[in-house]
Amino acid sequence: MTPAARVAAAIEILDMVGDGLPAEQVLTRWGRNNRFAGSKDRAAIRDYVFDVLRIQRTAAWLGRASTGRGLMIGLLRHEGVDPAGLFTGEGHAPAPLMDYELEAPSGDMPESEAWNLPDWLVALFQEGLGDEAAETAKRLQSRAPVILRVNTAKATLGDAIEMLAQAGVVVEQNPLSPNALTVLEGPRKIRNAPAYLEGYVELQDASSQAVVDALPEAKRALDYCAGGGGKSLALAARGDIRVFAHDIDPSRMRDLPLREARAGVEITQLGTGDLADQGPYDLVLVDAPCTGSGSWRRAPEAKWRLTSEQLAQTMAVQDSILDEACRLVSEGGTLAYATCSILPEENKARVDAFLARHEGWGCVWEKTFSVSENGDGFYTAHLTRQK
Ligand SMILES: C[S@@+](CC[C@H](N)C(=O)[O-])C[C@H]1O[C@@H](n2cnc3c(N)ncnc32)[C@H](O)[C@@H]1O
C-alpha cells in the first residue's frame, strides 16, 4: 500500500470507531476484508488509529473536524507532516483538501483541547492529581514502552538479553524492576523470537512487575482477579510458592495453561466455589478491575468512553471484591490491593473506605507509580490485620 492509501484506510477505520465500535475489533475486521494489506501496512494503519485516539481533541482541532478525515489531517499536522502531500485523490489516496481544510486554525490551541481528555476527566485529574495533573495527561498522549519480564524460573537476565539480541530485539534494563527490560528495537519481532517462544521472557509492563516484586514472601498465594494471569506467572517464577489463580470470568484465564507450560511454572486455577475450601492464603492479591487510567496509552479509547457513572460502579465493585477477598487471608497474612489506575478515587480512597468498614485492619505499605517512559501508572497497597 502507498503511504496515502494507509491514511485512507485509517480514515475509514476511525469513522467506524467514531460510530462506537471498538478499535481492535474494527482493525481485525478491516484486516480480514483487505487481505492484500501486508503486515507492515496493517501495523502502520494501527499506529495511525491509536496515535489519533491518544490525541483525539488536539487532532480534531488541528484537522477542523472530528471525522476520521479531520482526525487524520490533524494527526499529520501534529506530527509536522503537511497533509496536502498525502491527500491527493490519486490512486487510493484520500480526496484533496477542501478550502477550509487547507490551513490549521490560527492562534494557540485552546487549553481544553491540549489535555486530550473529556472535560469531566480534566476536572477529576486536577482535583485528584494536583500539580501532576497536566503532566500526567500529557504523558498519556504518547506511545507506551514495550516491556518484557525475564522469567527467572528459566533464564538469567544475561541469557535473555543475548537471546533477544540474536532475534533482533534490542533491550535495556528498566529501572522499575530488576527483571524488567525495555525494548529499544524490534518490538514486532518479539512474538516469534525464541526467547519468547521458549518462555525466557513474557510481555509485562514494568510497574506491573514492580507490584509483584513488592509482594511479601508467601507459601500459598491467591491471585483473586487473575485475568490472563500476568501477575500469577510472575509470582510463580519466584519458586517455593504455591500460586492459585481465580477470576470471576474463568474464560479470561483460558490461555494460562499454555503460558504456564511456556514459562515452566505451575498455577492452580480455582472456581469461586473452591476459594474458601483451599484457603486461607498467606497472600491474597486483588489486582482489581479498574478504569485502566494508568494504561490509557495502550488503550486510549477507554478515556473517551469512560463515564462518571461507570467510575462509580467500578469503585463499588472494588469495594465488594476487597470485602470478599479479605475473608480468605490467613492470620498474619497480607491482602494486597492493586490497580492500573492513577485516580485516587480507585486507589487510596478505596483502601481508606475498606479500613473504615473493617476494624482491625491497617495499611502497612502503599506506592503509586506515575505514568512514565518506564512504565504505566499503577497503585498498590498492603493491608494486614493489626494485632
Ligand atoms: C485488572 S484485570 C486483572 C489483570 C491480571 N491480574 C494481570 O496481571 O494480567 C481485573 C480482572 O478482575 C476480574 N474481576 C472482575 N470482577 C471480579 C470479581 N468480583 N471477582 C474476581 N475477579 C473479578 C476481571 O474479569 C478481570 O479479569
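Each ligand, and each atom within it, is numbered from 1 in the order the structure gives.
- The single protein non-hydrogen atom nearest to atom 2 (S) of ligand 1 is Asp287 O, 4.0 Å, given as residue, atom name and distance.
- No heavy atom of Glu324 sits closer than 4.0 Å to any atom of ligand 1.
- Using a 4.0 Å heavy-atom cutoff, Ser208 is absent from the residues neighbouring ligand 1.
- A salt bridge is absent between Lys154 and Glu198: the closest approach of a Lys/Arg side-chain nitrogen to an acidic carboxylate oxygen does not fall below 4.0 angstrom.
- Here the heavy atom of the protein found nearest to atom 8 (O) of ligand 1 is Lys231 NZ, 3.1 Å.
- Put simply, part of Ala288 is less than 4.0 Å from ligand 1, judged by heavy atoms.
- Checking side-chain atoms of Ser208 against main-chain N and O of Gln204 turns up no donor-acceptor pair under 3.5 Å.
- Protein heavy atom in closest approach to atom 15 (C) of ligand 1: Pro289 CG, 3.5 Å.
- Minimum heavy-atom separation, Val150 to Ala155: CG1-O, 3.8 Å.
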Using residues 10-23 as the side-chain source, report each donor-acceptor pair under 3.5 Å to any protein atom, sequence neighbours left out, with the distance given to one decimal.
residue : atom : partner : partner atom : Å
Asp15   : OD1  : Gly68   : N            : 2.7

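- Here the protein heavy atom with the shortest distance to atom 23 (C) of ligand 1 is Ile248 CG2, 3.4 Å.
- Ring-plane geometry between Tyr224 and His246 is classed as tilted, the angle between the planes lying from 30 to 60 degrees on a 0 to 90 degree scale.
- Among all protein heavy atoms, the one lying closest to atom 11 (C) of ligand 1 is Asp247 OD2, 3.5 Å.
- The closest protein non-hydrogen atom to atom 12 (O) of ligand 1 is Cys225 CB, 3.3 Å.
- Atom numbering of ligand 1 starts at 1 in the shown order; those under 4.0 Å from a heavy atom of Ile321 are 16 (N), 17 (C), 18 (C), 19 (N).
- Taken from CG in Asp319 to OG1 in Thr314, the straight-line distance is 11.0 Å, to the nearest 0.5 Å.
- Each of the atoms 20 (N), 21 (C), 22 (N) of ligand 1 lies under 4.0 Å from some heavy atom of Tyr224.
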